[in-house]
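The next block holds one structure in the form of structure tokens; read it before the comments.
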Amino acid sequence: MTDPFPQEADPTTSEADTRPRQRFELEDTGFDEVPPRFRKFYRRWRGPGDQLGPNEVICPVCKVVIRSTRELRPGDRVYCMPCMSRLIVVRGEDGRLEARVAY
Ligand SMILES: [Zn+2]
């Protein structure tokens, strides 16, 4: 069994960006498709009435919401453990953050 995050538990990493970011306390969401220590980093999208926080982005592959302990910004790389996709955060046409699959 390999650990995909040997350095830290947070699945998000960032490229050079020195501006301070808002931090978020994450709680266990009960998301049970990943091991317990990663559950707080994911939640299910609840549909059209759901709102994404500044630290959240939807996986375009499996539609799970990926959550970070920090505010997300374009260029951030996130990892969707449920479907094992490597994603990059981009600013969408409507101004909101979106994730695209990174190759
Ligand atoms: Zn996914």
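Every heavy atom of this structure was used, including side-chain atoms; hydrogens, water molecules and symmetry mates were not. All ligand and atom numbering here is 1-based and tracks the order in the structure. Just so we're clear, the structure is a prediction, and the values are computed from it rather than from any experiment.
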- Around the Zn ion (ligand 1), how many protein N, O or S atoms are closer than 2.8 Å? 4
- Pairing residues for Q22 by the side chain to side chain donor-acceptor pair (under 3.5 Å) criterion, not counting sequence neighbours: none
- Task: Take C80 and C62 through the test side chain to side chain contact (heavy atoms under 4.5 Å, CB included) and record every step on the way to the result.
- Result: CA-CA 9 Å; C80 182; C62 69; 3.6 Å; yes
- Message: According to salt bridge (charged side-chain N to carboxylate O under 4.0 Å, His left out), who are the partners of R96, at least two apart in sequence or on a separate chain?
- Response: D94
- Message: Using side chain to side chain contact (heavy atoms under 4.5 Å, CB included), reason through L26 and F41 one step at a time and then give a plain yes or no.
- Response: CA-CA 7 Å; L26 301 181; F41 297 116; 3.5 Å; yes
- Message: Looking at every non-hydrogen atom in both residues, tell me the closest pair between P82 and F31 and how far apart they are.
- Response: CG-CE2, 3.6 Å
- Message: Tell me every residue that passes salt bridge (charged side-chain N to carboxylate O under 4.0 Å, His left out) with D50, counting only those two or more places apart in sequence or in another chain.
- Response: R43, R46
